[in-house]
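Down below is the structure, laid out as structure tokens.
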Protein chains: 2
Amino acid sequence: MKLVQPTCALKAKGSQSLFSCLTPDQLEKVQQHTCQFYKKGQPIFQEESVPTGVFCISDGLVKVTKLGSNGKEQILRIAKPGDFVGYKSLIKGNRYRASAIAIEDSSICLIPKAIFMELLHENVAFYQQIVHLLCDEIDNAESKLTDIAYKPVRGRIAEALLLLDKAFEDKEQITLTREDLAGLVGTVKETAIRIISEFKHEKLIEINKRSIKIINPDGLVKISHLYD
Amino acid sequence: MKLVQPTCALKAKGSQSLFSCLTPDQLEKVQQHTCQFYKKGQPIFQEESVPTGVFCISDGLVKVTKLGSNGKEQILRIAKPGDFVGYKSLIKGNRYRASAIAIEDSSICLIPKAIFMELLHENVAFYQQIVHLLCDEIDNAESKLTDIAYKPVRGRIAEALLLLDKAFEDKEQITLTREDLAGLVGTVKETAIRIISEFKHEKLIEINKRSIKIINPDGLVKISHLYD
DNA sequence: CGATCACTTGATAATCCTCAATCCTTGTGG
DNA sequence: CCACAAGGATTGAGGATTATCAAGTGATCG
């Protein structure tokens, strides 16, 4: 287990960062804790386990997943550097309702429960930021819910690719397992592969090895809205 | 427009109620406002419109919906007496992301934005309750998301009936349009009807006129978990 | 350089949606 | 109180979408 200096606070950009509203004292308290290294594929926490703190992605990429029928994996969201994971269960005081798994080698900072709760109570602005994050998660989940219910897989994959493009912006291309992409839009690997292949033939995307590069975003937008 | 004395605070039971943590002063401020009557089918607010306050269901039943592809309607949740609707958009300060429509004749109390925000800032316990509601909504949406992604319609309808049974407990039977039931589980009217009909033949439910009564909950539980 | 993991493709089948016609229920106006 | 209109419920046939299963191929890593 490699230990790295925490850089979470720096990763989160400007006023977007949850940490931007902390006092120097509070910031220091958070930064005392060290990041831990997680290998690709390694779980950060598991559905139904008891929360120990909030995780802040310092580097890497993490999928937040929920187990569905047939043991299939629904990906709720993908957390990037600067993102937080696991705070909802801490606030509610119940077990995790989802798992978090590194999908790239990652370094992730743990803010222990006690410290997080302290911050929540001490710092109203911080609390409000968290509440806004919660609201965003609701919007996100409810939009996704509606999409999965009524939008065909083709439209959902087009949409997912556009969203992923932002998450992977610095890399210029999307490196996600076909299986994870499928989990993200609620379908199976094979269906995802077939549709990606269609997109390639339609010159909407390019594929290098395994990673996807969008070359015609407008085309994808059109497909993703095709059924509105 | 009939005006009725507000009874929201009473409808919400015991410590479950959001109002239970208000001071007498605050409670009075809330109760000054009168309920408004909404006929079955009448909208309370519409997706994309600007919030004016929080709605508290005093009597009746309200569906919270989101428009999906093909103009199909996804029902996010059904609000009962004592439930609140529309607070998320107020907190985030954006437009409604969903519509609310009365599915029974209802009387609904509007707590104006200014008063709600005042309560939020004055009363930490109240704020915390709201935050817990937000967390519950996330859990709810994410579970539903996972179900719709991977659980067959049959399982989802079984599950929905079990959940609705609680919402309709005092009535002893479920009175919901087949179309609304379909919207709740993310399918179309006809499919919902066929599955309900199966359940009837399998002696899991009974149907009087249009309303559904569960006679074998365990059977439905089994079906709803069939694909876990 | 063999083994493992990811990707791909095809054939087949299950699930679910669409369209269309009909029946039943409820409410309304005469 | 009845007839009729309107909306909800139902059923059938057909087709589109998507999942499953099986059998590979290509990439990556110790």
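Computed from a prediction, not measured in an experiment: that's the story for all the values here. Below, read A as the first sequence line, B as the second, and so on, with proteins coming before strands; counting in each chain starts at 1.
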Checklist entry - Just by distance, do the side chain of A:K189 and the backbone of A:A182 share a donor-acceptor pair under 3.5 Å? => result no

Checklist entry - Any donor-acceptor pair under 3.5 Å joining the side chain of B:E190 to the base of C:dC19? => result yes

Checklist outcome for this item: B:I148 CD1 to D:dA19 P, in whole Å, measures 14 Å

Checklist entry - Considering only heavy atoms from C-beta outward, does the side chain of A:S143 approach that of B:K66 to under 4.5 Å? => result yes

Item to check | Side-chain N or O of B:N70 closer than 4.0 Å to phosphate OP1/OP2 of C:dT18 | outcome: yes

Next on the checklist: Taking 4.0 Å as the cut-off, does a side-chain nitrogen or oxygen of A:T187 come that near to OP1 or OP2 on D:dA19?
Outcome noted: yes

Next on the checklist: Can you tell me if A:R178 touches the phosphate of C:dA6, counting only side-chain N or O atoms and a distance under 4.0 Å to OP1 or OP2?
Outcome noted: no

Next on the checklist: Mind checking if B:K72 touches a base, just sugar-phosphate, or nothing, with heavy atoms under 4.0 Å?
Outcome noted: sugar-phosphate

Item to check | Residue B:R210, side-chain atoms from C-beta onward, closest of C:dA6, D:dT10, D:dG7 | outcome: D:dG7

Item to check | A:D180 CG to C:dC7 C1', straight-line distance once rounded to whole Å | outcome: 14 Å

Item to check | Nearest-nucleotide 5' precedence on DNA chain D, A:G186 against B:K209 | outcome: B:K209

Checklist entry - Phosphate oxygens OP1/OP2 of D:dA19: is one of them under 4.0 Å from a side-chain N or O of A:T191? => result yes

Next on the checklist: Out of the candidates B:K92, B:R95, B:K88, only one should pair with A:D139 under the salt bridge (charged side-chain N to carboxylate O under 4.0 Å, His left out) rule; please name it.
Outcome noted: B:K88

Checklist entry - B:I196 CD1 to D:dG8 P: how many Å, rounded? => result 15 Å

Next on the checklist: Using a heavy-atom cut-off of 4.0 Å across all strands, would you classify B:V153 as base, sugar-phosphate, or nothing?
Outcome noted: sugar-phosphate

Checklist entry - Just how far, in rounded Å, is C1' of D:dT11 from NZ of B:K200? => result 12 Å

Next on the checklist: Tell me whether the side-chain N or O atoms of B:R194 pair up with the base of C:dT18 as donor and acceptor below 3.5 Å, since no angle test is needed here.
Outcome noted: yes

Checklist entry - What is the distance from CD of A:E198 to C1' of D:dA16, rounded to the nearest Å? => result 14 Å

Checklist entry - Taking atom C1' of C:dG27 as reference, at what distance in whole Å does atom CG of B:D105 sit? => result 13 Å

Checklist entry - What integer distance in Å separates A:L176:CG from C:dC5:P? => result 19 Å

Item to check | Working for salt bridge (Lys or Arg N to Asp or Glu O under 4.0 Å), residues A:E202 and A:R154 | outcome: CA-CA 13 Å; A:E202 296 167 23; A:R154 199 175 140 87; 3.1 Å; yes

Checklist entry - To the nearest Å, how far apart are A:I193 CD1 and C:dT8 P? => result 5 Å

Item to check | Main-chain N/O of B:L76 paired with B:K144 side-chain donor or acceptor, under 3.5 Å | outcome: yes

